[in-house]
Participant: 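One structure, pasted below without further comment.
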Amino acid sequence: MQDLALQAAGAVTMLAAIAHGVLGETRVFAHAQIAPARLRLLIRLVWQSSALAWFGLGVLLAAAPSLAAPEARAWIIVVAVAVLAVAAASNAWATRARHFGWAVLALACLLALLGW
């Protein structure tokens, strides 16, 4: 059951990362008027860096059940829970919980904890 929870946490995290990257490009940056152009580029790169980091974290969560070292599994879960909890709390606070992203990240965090 714990392995399934970790794999689900990984899948949810990867889906959140993909949605974050795609929606950022199609909804946010497609309409944003950010000047100067270098600042716009910087914000886009930071936005996509977070999506890539979450995707990598999701891959690690999904792979954790197959790792031979229990210490590696534990550290992956600890780091994932910390990152996802901060991201979920930040999103909920900044959007006053009106954006669905915090709930998705909180779900991934909860599933990772269940995989402990």
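We count residues from 1, following the sequence as given. The figures here come from the full heavy-atom set of this structure, side chains too, leaving out hydrogens, waters and symmetry mates. Remember, it's a predicted structure, so these values are computed and weren't measured experimentally.
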Participant: Looking only at non-hydrogen atoms, find the nearest pair between Trp54 and Ala17 and report the distance.
Facilitator: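 Nearest pair, atom of Trp54 first, then Ala17: CB-CB, 3.8 Å.
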
Participant: Between Ala112 and Leu61, which heavy-atom pair has the shortest distance, and what is it?
Facilitator: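 For Ala112 versus Leu61, the nearest heavy atoms are CB-CD2, 4.2 Å.
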
Participant: Determine the minimum heavy-atom distance between Ala108 and Ala9, stating which atoms define it.
Facilitator: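 Minimum heavy-atom separation between Ala108 and Ala9: O-CB, 3.6 Å.
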
Participant: Indicate if Val28 and Leu41 have the same hydrophobic cluster label, given that clusters are the connected sets of ILVMFWY residues with side-chain heavy-atom separations under 4.5 angstrom.
Facilitator: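 Hydrophobic grouping puts Val28 apart from Leu41.
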
Participant: If you look at every heavy atom in Leu6 and Ala64, which pair is closest and at what distance?
Facilitator: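 Nearest heavy atoms, Leu6 then Ala64: CD1-CB, 3.9 Å.
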
Participant: Count I, L, V, M, F, W, Y as connected when their side-chain heavy atoms are under 4.5 Å apart, and connections chain through other members. Are Leu23 and Val104 then in the same cluster?
Facilitator: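 Leu23 clusters together with Val104.
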
Participant: Hey, mind stepping through Leu84 and Thr13 against side chain to side chain contact (heavy atoms under 4.5 Å, CB included) and telling me if it holds?
Facilitator: CA-CA 9 Å; Leu84 294 169; Thr13 303; 3.9 Å; yes

Participant: Apply the test side chain to side chain contact (heavy atoms under 4.5 Å, CB included) to residues Leu67 and Ile76: give CA-CA distance (whole Å), side-chain angles for both, the deciding distance (0.1 Å), then the verdict.
Facilitator: CA-CA 11 Å; Leu67 298 177; Ile76 289 169; 3.5 Å; yes

Participant: Is there a path of hydrophobic side-chain contacts, each under 4.5 Å between heavy atoms, that joins Leu110 and Met1?
Facilitator: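 They do not share one cluster, since no chain of ILVMFWY contacts under 4.5 Å joins Leu110 to Met1.
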
Participant: Val78 and Trp116: side chain to side chain contact (heavy atoms under 4.5 Å, CB included), yes or no, with the steps?
Facilitator: CA-CA 9 Å; Val78 166; Trp116 187 281; 3.4 Å; yes

Participant: Kindly say whether Phe29 contributes a backbone atom to a donor-acceptor pair with the side chain of Arg40 at under 3.5 angstrom?
Facilitator: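 Judged by distance alone, yes, a pair lies under 3.5 Å.
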
Participant: Which distance, rounded to the nearest 0.5 Å, do you find between the OG of Ser49 and the CG of Leu42?
Facilitator: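 That separation rounds to 9.0 Å.
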
Participant: Between the side chain of Trp47 and the main-chain N/O of His20, is any donor-acceptor distance below 3.5 Å?
Facilitator: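 Indeed, once roles are kept as given, a pair shorter than 3.5 Å links the two residues.
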
Participant: Please report the C-alpha distance between Gln2 and Leu114 in whole Å, then the side-chain angles of each, then the deciding distance to 0.1 Å, and finally whether the side chain to side chain contact (heavy atoms under 4.5 Å, CB included) criterion is met.
Facilitator: CA-CA 6 Å; Gln2 291 172 315; Leu114 290 174; over 6 Å; no

Participant: Where do Ile77 and Gly115 come nearest, in terms of heavy atoms and distance?
Facilitator: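 Minimum heavy-atom separation between Ile77 and Gly115: CD1-O, 3.7 Å.
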
Participant: Give a yes or no answer on whether the side chain of Arg73 reaches the backbone of Ser66 with a donor-acceptor pair at less than 3.5 Å.
Facilitator: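 No: the side chain of Arg73 does not pair with the backbone of Ser66.
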
Participant: Side-chain heavy atoms nearer than 4.5 Å, only ILVMFWY residues, links allowed to pass through others: does that put Val59 and Val22 together?
Facilitator: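 Per the 4.5 Å side-chain linkage, Val59 and Val22 are co-clustered.
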
Participant: State whether the side chain of Glu25 and the backbone N or O of Ala30 hold a donor-acceptor pair below 3.5 Å, judged by distance alone.
Facilitator: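 No: the side chain of Glu25 does not pair with the backbone of Ala30.
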
Participant: Using 0.5 Å steps for rounding, measure from the CZ atom of Phe100 to the CG atom of Leu105.
Facilitator: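 Phe100 CZ to Leu105 CG: 9.5 Å, rounded to 0.5 Å.
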
Participant: May I ask you to test the Leu111-Val12 pair for a side-chain heavy-atom distance under 4.5 Å?
Facilitator: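 Yes, their side chains come closer than 4.5 Å.
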
Participant: Minimum heavy-atom separation for Phe55 to Ile18, with atom names?
Facilitator: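 Residues Phe55 and Ile18, closest heavy atoms: CE1-CD1, 3.9 Å.
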
